[in-house]
Every structure is written in C-alpha cells, then in structure tokens.
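Values in this document were obtained by computation on a predicted structure and should not be read as measured data. Just so you know, these numbers use all the heavy atoms, side chains as well, and skip hydrogens, waters and symmetry mates.
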Amino acid sequence: MDTLFRCPWCGDDPLYQHYHDTEWGRPVHDDRTLFEFLILEGAQAGLSWITVLRKRQAYRDAYHQFDVHQIAAYTDADQQRLLANPGIVRNRLKVAASIDNAKAFIRVQQEFGSFDAYLWAFVGGQPIVNQPRTLSDVPAVTPLAEQISKDLKKRGFRFVGPTIIYAFMQAVGMVNDHLLDCHVRNLPG
C-alpha cells in the first residue's frame, strides 16, 4: 500500500498520482511540452483534469505529438478529423482554438526565440514557490495569471483565461503549489 503523502487533489487514481509525482509543478522548458500543456489545459476548461489526462495519449496521436508547425497548417479537413475523434474532447471551439493557438505560439517563438523564453520571463526564470498547508491555501487564479492571460489574448491565443493559465503555470512548474508536507514538494525538477 502506498503511504506517501500527496496533494489530496490527485486522490487514489494511479494515473493521477503518477502525474502528480512526476510532472505537476516540475519546471518545463521544452517548447513542445509547453504547447502540449497549453492545449490540454484549454481542452480541460469545464471538465476535470483527470478526464483530459486519460485522453492525453489520444491527443498526442491526434495532434501529431504536438508538433506546433503541423498543427498550425491544419486544414478544415484536419479540423473535421479531430472533431470526429472520440479519444479527444470534441468541442468545435476548443479544436479551432488549438489550431489558432499553434499559429500564435509560432509568432511568439519568432519574436522571443522560444515560447519558453517568453513565458518564463514573467517569473524571472525561476518558479514561484508558495507555502500552502491545505488545498484551500491554493488559489484558482492570481494577478500574474491574469497578466499572462491578458498578454496571450492580445497575441491571438484563445482558451487562455486566467484560471486556465494558473492551472497551466502549476502544471509546467512556473508555480510550485505542492502542499508543504507533500512528498514531492522539494524534489529536484
């Protein structure tokens, strides 16, 4: 029996626990992975994260392993293919946004050299380490998430509201919101 203390949001689902233990809150600097999380967090809007997590491999398969250049070139036929795929969230607005977001992502890469450079500049290149004792100490949104959301929207991104962006920041390790007594809180990236 697993006796490690984890942040309670991951419950006892092995997939959720593995995600919590190996990814959530760990700094990500790879543009492809950052794009993957941006698309998955947008797909999650209105759903539970475990729903999207269970569909993650189907997303990777459907979205050419999150190759931003291939996705930016998707046609109407590609959009219809995605909408017919039962392995992903088949929401017309979310699918269209994922393609628009690929185009916006490339523009950011061209302007800043990488999406990583753009994104991590908001936190001075270092994660924000919060001190939550309980889940109620973890915010759903912060002023910084609102600032990043506003900037992304200005650059043409969609499904990047402040709540989505704060969840994204947590997922890619810009913010460490592991509870103080969580067993992975202080593990190296």
After noting the C-alpha distance and the side-chain angles of H178 and N130, does the key distance pass the side chain to side chain donor-acceptor pair (under 3.5 Å) rule? CA-CA 8 Å; H178 283 284; N130 292 323; over 6 Å; no
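- By the criterion of side-chain heavy atoms lying less than 4.5 angstrom apart, applied directly or through intervening Ile, Leu, Val, Met, Phe, Trp or Tyr residues, L93 is not grouped with I88; the two fall into different hydrophobic clusters.
- Each of W9, W49, Y16 was checked for a side chain to side chain contact (heavy atoms under 4.5 Å, CB included) with W24, and the lone residue meeting it is W9.
- In this structure, the side chains of Q65 and Q70 stay at 4.5 Å or more apart for every pair of heavy atoms.
- Remark: L15 CG to H20 NE2 distance equals 13.5 Å, nearest 0.5 Å.
- No donor-acceptor pair closer than 3.5 Å links the side chain of S149 to the backbone N or O of A145.
- Counting heavy atoms from C-beta on, the side chains of L179 and P8 come closer than 4.5 Å.
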Apply side chain to side chain contact (heavy atoms under 4.5 Å, CB included) to the pair R54 and D13, showing each step before the final yes or no. CA-CA 11 Å; R54 288 183 180 130; D13 183 295; 2.7 Å; yes
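- Each of Q131, Q170, R185 was compared with D177 under the side chain to side chain donor-acceptor pair (under 3.5 Å) criterion, and only Q170 meets it.
- Ring orientation note: the planes of F115 and F105 are close to parallel, at an angle under 30° on the 30°/60° scale.
- Under the 4.5 Å side-chain heavy-atom criterion for Ile, Leu, Val, Met, Phe, Trp and Tyr, V175 and V129 are members of distinct hydrophobic clusters.
- For the atom pair I165 CD1 and K153 NZ, the distance stands at 9.0 Å (nearest 0.5 Å).
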Before you tell me yes or no, could you show the steps for Q17 and D12 under side chain to side chain donor-acceptor pair (under 3.5 Å), namely the whole-Å CA-CA distance, both residues' side-chain angles and the distance that decides it to 0.1 Å? CA-CA 7 Å; Q17 288 179 346; D12 59 6; over 6 Å; no
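- Expressed to the nearest 0.5 Å, how far OG1 of T134 lies from CG of L180 amounts to 9.5 Å.
- In this structure, F159 is not a member of the same hydrophobic cluster as L38, with clusters built from ILVMFWY side-chain heavy atoms closer than 4.5 Å.
- Between the side chain of D137 and the backbone N or O of R133, at least one donor-acceptor pair lies under 3.5 Å.
- Hydrophobic cluster membership is shared by Y166 and V28, with clusters built from Ile, Leu, Val, Met, Phe, Trp and Tyr side chains linked at under 4.5 angstrom.
- Taking each heavy atom of W120 and P127 in turn, the nearest pair found is CZ3-N, 3.8 Å.
- The shortest distance between side-chain heavy atoms of F35 and I39 falls below 4.5 Å.
- For the pair R26 and D21, the tightest heavy-atom approach, listed with the atom from each and the gap, is NH2-O, 2.8 Å.
- Without hydrogens or angle criteria, Y59 side chain to V89 main chain gives a donor-acceptor distance under 3.5 Å.
- For the atom pair M174 CE and Q126 CD, the distance stands at 11.5 Å (nearest 0.5 Å).
- Grouping the Ile, Leu, Val, Met, Phe, Trp and Tyr side chains by contacts below 4.5 angstrom, directly or via other members, places V141 apart from I148.
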Might you work through the side chain to side chain contact (heavy atoms under 4.5 Å, CB included) test for Y19 and C10, ending with a clear yes or no? CA-CA 8 Å; Y19 169 73; C10 64; over 6 Å; no
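- Note: L119 CG to L152 CG = 7.5 Å, rounded to the nearest 0.5 Å.
- With contacts defined as side-chain heavy-atom distances shorter than 4.5 Å, the pair L40/F168 does not qualify.
- The shortest side-chain heavy-atom distance between V160 and E41 does not fall under the 4.5 Å cut-off.
- Between the CG atom of L34 and the CZ atom of F66 there is a distance of 12.5 Å, given to the nearest 0.5 Å.
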Derivation of the side chain to side chain donor-acceptor pair (under 3.5 Å) call for T75 and D78: CA-CA 5 Å; T75 63; D78 289 305; 3.2 Å; yes
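- Looking at R90, its side chain never comes within 3.5 Å of a backbone N or O of V95 through a donor-acceptor pair.
- Contact check for Q44 versus T51: no side-chain heavy atoms found under the 4.5 Å cut-off.
- A heavy-atom distance below 4.5 Å is found between the side chains of E23 and F37.
- Nearest heavy atoms, A58 versus G87: CB-O, 3.3 Å.
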Could you go step by step and tell me if I128 and N176 meet the side chain to side chain contact (heavy atoms under 4.5 Å, CB included) rule? CA-CA 6 Å; I128 296 168; N176 182 343; over 6 Å; no
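- Heavy atoms of other residues, nucleotides or ligands lying less than 6.0 angstrom from CG of D181 number more than 12.
- Contact of the R107 side chain with the R155 side chain is not registered, since no non-hydrogen atoms from C-beta on lie closer than 4.5 Å.
- A salt bridge is absent between R56 and D61; no separation between the charged side-chain nitrogens and carboxylate oxygens falls under 4.0 Å.
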